[in-house]
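Along the sequence shown, the residues carry numbers beginning at 1.
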Amino acid sequence: MARIAPYIALAARALEANVRRPDFPFKLTFCITYWCNYKCQTCNIWQMKPRDELRLDEIQRFFRKSNRFLWVDVTGGEVSLRKDFPGVCEAIVENCKNLMLLHYPTNGYLTDKIVEYTREIARMGAEKLIITVSTDGDEAMNDRIRGIEGGWRRQIETFRRLREIPGVEVVLGMTLSAANVDHFPEAFAAAKREIPDLDYRDYHVNIVHESDHYFGNTPLGLRRGVSAAALADASEKYAALRGASLHPVNVLEREYLKRVRRYLETGKTPMRCHALKSSCFIDSWGNVFPCTIYDRKIGSLRDVDYDLEKIWSSTGALEVQKEIWDYNCPQCWTPCEAYQTIMGNFFRPDTKRGVEGEREQAAQRA
């Protein structure tokens, strides 16, 4: 039976973020390793050979001291390449008492290991456990973009087997770029031939982003050769296929997708971003950033004895948060930041052109 406390806690913290900056983030995106066994064209993480990443005992210490997260995305690299991955999730679940959502993506290649780890993690009793198995198209398109022959077959098998685990929600994640912008219908049809009961809501579709400090993919020019209109059209066609639903996850997905066009046409985040207001990003060495996109390190967990609150409440963090609030950052609309931004702007009307749009609205009211 679902516990009500985590849902109440998340609702309360989201409402608080609508009116002021909370004294601790409710959402964390945590990269636990940059090791990856794929060679994706949309990401350069696989080219890294990281050393001295946070050890499990450091991660455990971090979550003992910084345990007020309600929503944690654990990401990589490929999370299953860490042999202590279940131990990482255990540190999160045991210490974050009101954790509402634990999520992690996987490239799905190491099927047996991913399923084994997920069974172990599911037994830990997180209120909601969601896993995204990444895919970039049908078999030919996926394996070309991801650089591993036979990858799609393994990804689909991983998705199929993860669905069989009680208490686990699984989706297929697809990122639209110049390479596959119009390819979702073929991708869905191919997956449905393997999994007949597949539904459009079993997918999560987003648009490609570039990041120096996370993906390392800025030099790749992933939007060259594709227009903003083409990416927006593809996103809206997928949104129409999903249909309407009052399920909270579907509501957030719909709100994200309907603002993709505005972001692409204006180059501005569609509403005031909640990076460093509701959330932050921590890399595998414990470096703290506002998000996965903005390359502005604001501190290191190793320098503050793994107590995030010391960095969160620092002058530097407040200054960078103001920059973001005033649209003085790279601008993005990635789901890693968009979902909590949507939740934190419940009482604030959308802005058409960022700060300029708000000034225009203020002038009209005057």
Side-chain angles (χ1 to χ4, degrees), residues 10 13 24-36 43 45 48 50 52-107 117-118 121 124 126-132 134 173 211 213-216 274-312 317 334-340:
L10 181 60
R13 296 277 290 281
F24 195 83
F26 66 75
K27 198 261 178 114
L28 170 67
T29 301
F30 184 25
C31 177
I32 61 171
T33 184
Y34 280 81
W35 286 98
C36 189
C43 173
I45 286 177
M48 299 179 66
D52 193 33
E53 296 185 307
L54 291 171
R55 304 181 309 274
L56 179 58
D57 65 291
E58 292 180 284
I59 293 171
Q60 291 168 333
R61 185 172 180 83
F62 166 52
F63 282 107
R64 281 197 298 269
K65 291 198 166 193
S66 306
N67 54 17
R68 289 190 281 160
F69 298 111
L70 305 177
W71 176 352
V72 179
D73 280 357
V74 183
T75 188
E78 169 53 35
V79 294
S80 67
L81 292 182
R82 280 195 68 140
K83 295 179 181 179
D84 58 5
F85 177 49
V88 172
C89 293
E90 184 177 31
I92 296 168
V93 175
E94 282 196 352
N95 290 288
C96 300
K97 299 303 183 184
N98 278 328
L99 183 73
M100 198 283 289
L101 172 60
L102 176 63
H103 166 263
Y104 54 89
T106 174
N107 59 35
Y117 285 171
T118 299
I121 293 164
M124 296 173 189
E127 183 59 36
K128 187 173 286 293
L129 176 60
I130 301 179
I131 304 166
T132 300
S134 300
S211 166
H213 71 286
Y214 181 39
F215 302 118
H274 271 242
L276 284 187
K277 189 177 186 194
S278 298
S279 60
C280 65
F281 168 70
I282 298 177
D283 72 13
S284 62
W285 296 277
N287 298 312
V288 182
F289 295 86
C291 62
T292 59
I293 305 299
Y294 196 9
D295 189 7
R296 282 290 302 273
K297 177 181 170 180
I298 59 170
S300 167
L301 295 180
R302 285 170 166 165
D303 292 339
V304 294
D305 196 23
Y306 309 95
D307 186 351
L308 179 62
E309 190 170 347
K310 293 179 180 177
I311 298 174
W312 183 260
T334 168
C336 291
E337 321 310 328
Y339 291 163
Q340 62 269 27

What's the separation between atom [atom1] in [X] and atom [atom2] in [Y], rounded to the nearest 0.5 Å?
X	Y	atom1	atom2	answer
Lys297	Ile311	NZ	CD1	9.0 Å
Asn67	Phe69	CG	CZ	9.0 Å
Leu54	Leu301	CG	CG	6.5 Å
Ile293	Ser211	CD1	OG	5.0 Å
Tyr339	Thr334	OH	OG1	9.0 Å
Asn98	Cys96	CG	SG	9.5 Å

Tell me which pairs pass salt bridge (Lys or Arg N to Asp or Glu O under 4.0 Å) where either residue lies in [range], with sequence neighbours left out.
range	value
residues 64-76	Asp23-Arg68, Lys27-Asp73, Lys65-Asp305, Arg68-Glu309
residues 74-86	Arg82-Asp84
residues 86-104	none

Answer yes or no: is there a side-chain heavy-atom contact under 4.5 Å between [X] and [Y]?
X	Y	value
Ile298	Phe289	no
Val288	Ser300	no
Ser284	Trp35	no

Where does the angle between the aromatic ring planes of Tyr104 and Phe85 fall among parallel (under 30°), tilted (30 to 60°) and perpendicular (over 60°)? perpendicular
Would you please name every residue forming a ring pair (Phe, Tyr, Trp, His ring centres under 6.0 Å) with Tyr214, sequence neighbours left out? Phe281
Ring pair (Phe, Tyr, Trp, His ring centres under 6.0 Å) with Phe63: which residues, sequence neighbours excluded?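 Phe30.
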Please step through side-chain contact (heavy atoms from CB on, under 4.5 Å) for the pair Tyr306 and Val304, ending with a clear verdict. CA-CA 5 Å; Tyr306 309 95; Val304 294; over 6 Å; no
Stepwise, does the side-chain contact (heavy atoms from CB on, under 4.5 Å) test hold for Val72 with Leu101? CA-CA 6 Å; Val72 179; Leu101 172 60; over 6 Å; no
Is there a donor-acceptor pair under 3.5 Å between the side chain of [X] and the backbone N or O of [Y]?
X	Y	answer
Ser66	Leu308	yes
Thr132	Ser134	no
Asn95	Ala91	yes

At their closest point, which heavy atom of [X] faces which heavy atom of [Y], and how far apart are they?
X	Y	value
Cys89	Ile121	SG-CD1, 3.6 Å
Gly87	Leu56	C-CD1, 3.7 Å
Trp312	Ala317	O-CB, 3.5 Å
Ala126	Leu102	CB-CB, 4.3 Å
Cys336	Gln340	O-NE2, 2.8 Å
Ala275	Pro290	CB-O, 3.5 Å

Applying salt bridge (charged side-chain N to carboxylate O under 4.0 Å, His left out), run through Arg55 and Glu58 and close with a yes or a no. CA-CA 5 Å; Arg55 304 181 309 274; Glu58 292 180 284; 3.5 Å; yes
Cut-off 3.5 Å, side chains only: do Ser279 and His274 have a donor facing an acceptor?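 His274 and Ser279 do not have a side-chain donor-acceptor pair below 3.5 Å.
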Residue pair Tyr34 / Glu53, side-chain donor-acceptor N/O under 3.5 Å: no
Does Glu337 form a side-chain contact (heavy atoms from CB on, under 4.5 Å) with Thr292? I'd like the steps, not just the answer. CA-CA 8 Å; Glu337 321 310 328; Thr292 59; 3.5 Å; yes
Residues in salt bridge (Lys or Arg N to Asp or Glu O under 4.0 Å) contact with Asp303, at least two apart in sequence or another chain: none
Going through the checks in order, is the salt bridge (charged side-chain N to carboxylate O under 4.0 Å, His left out) test met by Arg61 and Asp307? CA-CA 9 Å; Arg61 185 172 180 83; Asp307 186 351; over 6 Å; no
Give me the one residue out of Val93, Val79, Ile32 that meets side chain to side chain contact (heavy atoms under 4.5 Å, CB included) with Val88.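 That would be Ile32.
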Under the criterion side-chain contact (heavy atoms from CB on, under 4.5 Å), I'd like the reasoning laid out for Leu70 against Arg13: C-alpha separation, chi angles, the key distance, then a yes or no. CA-CA 9 Å; Leu70 305 177; Arg13 296 277 290 281; 3.5 Å; yes
